[in-house]
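Whatever order the structure lists ligands and atoms in, that order sets their numbers, starting from 1. What you see is a predicted model, and the numbers here were worked out from it, not measured in a lab.
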Amino acid sequence: MSSQSQSENVLIGVIGGSGLYHLDHLTVLHTVNPLTPWGYPSSPITVASLPSGTRIAFLARHGIGHTISPSAVPNPANIAALKSLGVKAIIAFSAVGSLREEISPGSFVLPTQVIDRTKGIRQSSFFDGTTIVAHAMFGDPFSSKLIEWLVPRIEKALEPSSPDEPPKKLFTDKTAVCMEGPQFSTRAESLLYRQWGADIINMSVLPESKLAREAELSYAIVAMATDYDCWRPHGESVTAHSVLDVLHNNSATAKNVLSAILDDLQETLQKEGEEGAEAILLQEKGGMKFSIMPRSAKQDPNDRKKLAYVLPEYFGDD
Ligand SMILES: CSC[C@H]1O[C@H](OP(=O)(O)O)[C@H](O)[C@@H]1O
Ligand SMILES: Nc1ncnc2[nH]cnc12
């Protein structure tokens with residue numbers, strides 16, 4: 001089975017997390033719902049456009065009515081579907097708990113590291129259940145060049161538009177913990193994660209970023225701190241409603257951030273996609289070449305066909 005919708009040729013994918021189910025400031029062109037070898041994505045994908053003509057593919061991670069819990073998100077289908085539209089880079093939004101006093105609710109974070117506390121029940125590789133083995137590099141779980149590129153642009157987008165508006169902070173070089181959920185952490189766990197050096201916590205970034213890496217897509221997560229989890233001695237424990245309250249106030253900021261970067265990102269990705277251009281933001285491209293175990297007669301041809309959907313570069317010529 002090969003990728004079906006490359007003709008969409010949308011370079012930028014945006015994954016919206018809790019509280020971000022639509023991008024209502026863009027013009028919706030149409031929706032697509034690709035059936036991938038890993039099933040359908042969480043929701044139909046909206047192809048939307050800026051006034052400049054820059055197009056993006058938007059996917060609501062938990063479904064448009066937030067009906068899918070983090071453990072049940074069809075991550076392989078989500079990433080495969082975005083790639084099938086031609087997407088090269090993904091900006092993923094996520095609501096996170098803060099494990100640090102200075103990362104106050106309302107702050108933005110671009111993490112560079114992650115600690116995996118999911119429980120092995122999520123499909124974390126496109127190669128799972130196939131006769132083909134691959135070990136993707138994951139020392140830097142998010143695309144470092146994309147993050148470097150995003151930092152000054154997001155900082156600018158967060159500048160207050162009037163003197164009475166409180167400044168919004170952006171934190172970089174932080175470590176996320178991805179837990180299984182759906183229940184929030186215990187106080188003991190929250191304190192332990194702080195001792196491990198973690199700064200923020202969510203339930204969604206893995207295996208999403210692992211699958212983006214296997215699909216050779218650039219991927220960065222824009223985290224929005226919504227609460228202090230439950231590590232503060234006299235603090236309230238987080239609830240889903242308190243998270244959504246903060247997000248309600250912050251989703252306009254997230255949309256402003258997107259509006260501020262999308263045209264520039266499109267132009268940069270377009271240039272890098274040209275023949276012979278240096279890949280900077282597209283640094284993941286070609287990364288699986290040294291990760292997939294050599295072809296053998298024992299590999300099932302059907303597995304190779306299935307993988308061709310997401311990695312036509314390596315499995316498309318059979
Ligand atoms: C609604 S509270 C917990 C929920 O929020 C985060 O979702 P997302 O990352 O998609 O914004 C977190 O990961 C949990 O899934
Ligand atoms: N405290 C928290 N723990 C896990 N996921 C979250 N998402 C938002 N806040 C969270």
S.K.: With under 30° as parallel and over 60° as perpendicular, where do the rings of Tyr21 and His66 fit, or are they tilted in between?
M.R.: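 The arrangement is perpendicular - the two ring planes meet at more than 60°.
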
S.K.: N/O to N/O below 3.5 Å, does that happen between Phe93 and ligand 1?
M.R.: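 Between Phe93 and ligand 1 (N or O atoms, distance only) the closest approach is not under 3.5 Å.
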
S.K.: Is it true that Glu159 and Arg153 make a salt bridge, defined as a side-chain N closer than 4.0 Å to a carboxylate O?
M.R.: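 Arg153 and Glu159: not salt-bridged.
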
S.K.: Decide whether Glu180 and Ser71 meet the rule of one side-chain donor and one side-chain acceptor closer than 3.5 Å.
M.R.: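 Yes, side-chain donor-acceptor contact under 3.5 Å.
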
S.K.: Going from CG on Leu26 to OG on Ser259, what distance comes out if it is rounded to the nearest 0.5 angstrom?
M.R.: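 Reported value, rounded in 0.5 Å steps: 6.0 Å.
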
S.K.: For ligand 2, list every N/O pair with the protein closer than 3.5 Å, one pair per line with the distance.
M.R.:
unit_1	atom_1	unit_2	atom_2	d
ligand 2	1 (N)	Asp227	OD1	2.9
ligand 2	1 (N)	Asp229	OD1	2.8
ligand 2	7 (N)	Ala95	O	3.1
ligand 2	9 (N)	Gly97	N	3.2
ligand 2	9 (N)	Asp227	OD2	2.6

S.K.: Identify, by atom number and element, the atoms of ligand 1 in contact range of His62, meaning under 4.0 Å from any of its heavy atoms.
M.R.: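 Reading through ligand 1 atom by atom, the close ones are 7 (O), 8 (P), 10 (O), 15 (O).
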
S.K.: With a cut-off of 4.0 Å, which atoms of ligand 1 are near a heavy atom of Ser18?
M.R.: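 Result: 1 (C), 4 (C), 5 (O), 6 (C), 7 (O), 8 (P), 10 (O), 11 (O).
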
S.K.: Please round to the nearest 0.5 Å and tell me the distance separating atom OG1 of Thr130 and atom CG of Asp300.
M.R.: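 One gets 9.0 Å once the value is rounded to the nearest 0.5 Å.
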
S.K.: Without hydrogens or angle criteria, can the side chains of Tyr219 and Glu208 be said to hold a donor-acceptor pair below 3.5 Å?
M.R.: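 There is such a pair between these side chains.
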
S.K.: Using a strict cut-off of 4.0 Å, indicate which atoms of ligand 1 neighbour a heavy atom of Arg61.
M.R.: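 Near Arg61, meaning under 4.0 Å from one of its heavy atoms, ligand 1 has 8 (P), 9 (O), 10 (O), 11 (O).
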
S.K.: Which atoms of ligand 1 have any heavy atom of Ser94 under 4.0 Å away?
M.R.: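 Result: 8 (P), 9 (O), 11 (O).
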
S.K.: Please check whether Val243 reaches ligand 1 - meaning an N/O of the residue sits under 3.5 Å from an N/O of the ligand, judged on distance alone.
M.R.: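 Min N/O separation from ligand 1 is not below 3.5 Å for Val243.
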
S.K.: Can you list the atoms of ligand 1 that are under 4.0 Å from a heavy atom of Met203?
M.R.: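 Here the atoms of ligand 1 in question are 12 (C), 13 (O), 14 (C), 15 (O).
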
S.K.: Which pairs, with at least one residue in residues 44-53 and sequence neighbours excluded, count as a side chain to side chain donor-acceptor pair (under 3.5 Å)?
M.R.: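 Checked against side chain to side chain donor-acceptor pair (under 3.5 Å) - neighbours excluded - the pairs reaching residues 44-53 are Ser52-Thr54, Ser52-Asp263.
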
S.K.: Could you check whether Lys210 pairs with Glu214 (Lys NZ or Arg NE/NH1/NH2 to Asp/Glu carboxylate O, under 4.0 Å)?
M.R.: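 Salt bridge between Lys210 and Glu214, a charged N being under 4.0 Å from a carboxylate O: no.
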
S.K.: Within this structure, what is the CD1-OG distance for the pair Ile90 and Ser143, rounded to the nearest 0.5 Å?
M.R.: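 With rounding to 0.5 Å, CD1 (Ile90) is 9.5 Å from OG (Ser143).
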
S.K.: If you count the atoms of ligand 1 from 1 in the order shown, which ones are under 4.0 Å from a heavy atom of Asn202?
M.R.: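 Result: 9 (O), 13 (O).
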
S.K.: Counting from 1, what ligand 1 atoms have a heavy atom of Pro70 closer than 4.0 Å?
M.R.: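 Going through ligand 1 atom by atom, the ones under 4.0 Å from Pro70 are 15 (O).
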
S.K.: Verify whether one side chain among Arg117 and Tyr193 offers a donor that lies under 3.5 Å from an acceptor in the other.
M.R.: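 Arg117 vs Tyr193: donor-acceptor pair found between side chains.
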
